[in-house]
Amino acid sequence: AQSVTQLDSQVPVFEEAPVELRCNYSSSVSVYLFWYVQYPNQGLQLLLKYLSGSTLVKGINGFEAEFNKSQTSFHLRKPSVHISDTAEYFCAVSADSSASKIIFGSGTRLSIRP
Amino acid sequence: GAVVSQHPSRVICKSGTSVKIECRSLDFQATTMFWYRQFPKKSLMLMATSNEGSKATYEQGVEKDKFLINHASLTLSTLTVTSAHPEDSSFYICSANSVLGTDTQYFGPGTRLTVL
């Protein structure tokens, strides 16, 4: 069985500051990892995904995440955030590369202060 | 591309009535569609997986007779909440995998159900 833990339910950050959203997972099998973003009143949008290969994954909107197998982490980072990054961010894990069954974390609300 | 729509976006109903929510893939064909439920300030919980033309596979603890899922075509899946009660109030989100087999689920905008 897989599970995902997002330790921070809310992260307030000043505009143009860097941000890291933490995600840890547990799994007894190889995993595929995802970060999704949910803007207010919208559906989920894929930010980035790790399936295999390079452990540093670059996604849309300047976000990147690093897969760390020894620490079972997949933290999301952005060097400089904008007001438009205000949203809910979900880390997710799947044992299937086709993402047929995804287990989501509880989400982290990123709020950007001007 | 890869847009998934849901209808309605919001619905309020009386306790005991049934509510149907539609999920459509607008610009691609979906072999598989998924239904999630999201509680306030909580994560998404997978309710069921539906494949076109076959019965849905429900997750443990989800009542199949209460949450009826139909996947009649490659672009449409419906979730019917039967005899709804206030505890069924939630945000329901669908997603779809393309027949092209890409490793990405495309999510709909969600439907807010409120049962009075």
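Quick note on labels: first sequence line is chain A, next is B, and so on, each numbered from 1.
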Checklist entry - Under 6.0 Å from the NZ atom of B:Lys64, do we count more than 12 heavy atoms belonging to anything else shown? => result no

Next on the checklist: At a 4.5 Å cut-off on heavy atoms, which part of B:Ile93 comes close to chain A: side chain, backbone, both, or neither?
Outcome noted: side chain

Next on the checklist: Taking A:Leu76 as the starting point, is it possible to reach A:Tyr25 by hopping between hydrophobic residues whose side chains are less than 4.5 Å apart?
Outcome noted: yes

Checklist entry - In terms of heavy-atom proximity below 4.5 Å to chain A, should B:Glu59 be classed as side chain, backbone, both, or neither? => result side chain

Next on the checklist: If you define the side chain from C-beta out and look only at heavy atoms, does anything of A:Gln38 sit under 4.5 Å from B:Gln38?
Outcome noted: yes

Next on the checklist: Grouping I, L, V, M, F, W and Y whenever their side-chain heavy atoms are under 4.5 Å apart, do A:Leu21 and A:Leu33 come out in a common cluster?
Outcome noted: yes

Checklist entry - In the single-linkage hydrophobic clustering (I, L, V, M, F, W, Y; side-chain heavy atoms under 4.5 Å), do A:Leu46 and A:Val93 co-cluster? => result no

Next on the checklist: Assess the residue pair A:Ile102 and B:Tyr36 against the criterion (side chain to side chain contact (heavy atoms under 4.5 Å, CB included)); give the C-alpha distance rounded to whole Å, side-chain angles, the decisive distance to 0.1 Å, and a yes or no.
Outcome noted: CA-CA 10 Å; A:Ile102 298 179; B:Tyr36 295 84; 4.0 Å; yes

Checklist entry - Between OH of B:Tyr106 and CD of A:Gln45, what distance do you get to the nearest 0.5 Å? => result 11.0 Å

Next on the checklist: Taking every non-hydrogen pair under 4.5 Å, which of A:Gly105, A:Ser9, A:Ala92, A:Gly107 racks up the most with chain B?
Outcome noted: A:Gly105

Checklist entry - Which pair of heavy atoms, one from B:Phe107 and one from A:Leu44, lies closest together, and at what distance? => result CB-O, 3.5 Å

Item to check | Close side-chain approach of B:Leu46 to A:Ile103, heavy-atom, < 4.5 Å | outcome: no

Checklist entry - Any donor and acceptor pair, going by atom type alone, linking the side chain of B:Ser43 with main-chain N or O of A:Phe104 inside 3.5 Å? => result yes

Checklist entry - Is atom NE2 of B:His85 surrounded by more than 12 heavy atoms (other residues, nucleotides or ligands) closer than 6.0 Å? => result yes

Next on the checklist: Do B:Met45 and B:Tyr92 land in one hydrophobic cluster if side-chain heavy atoms of ILVMFWY residues count as linked below 4.5 Å?
Outcome noted: no

Checklist entry - Any link between A:Ile112 and A:Val11 through a network of hydrophobic side chains (Ile, Leu, Val, Met, Phe, Trp, Tyr) touching at under 4.5 Å? => result yes

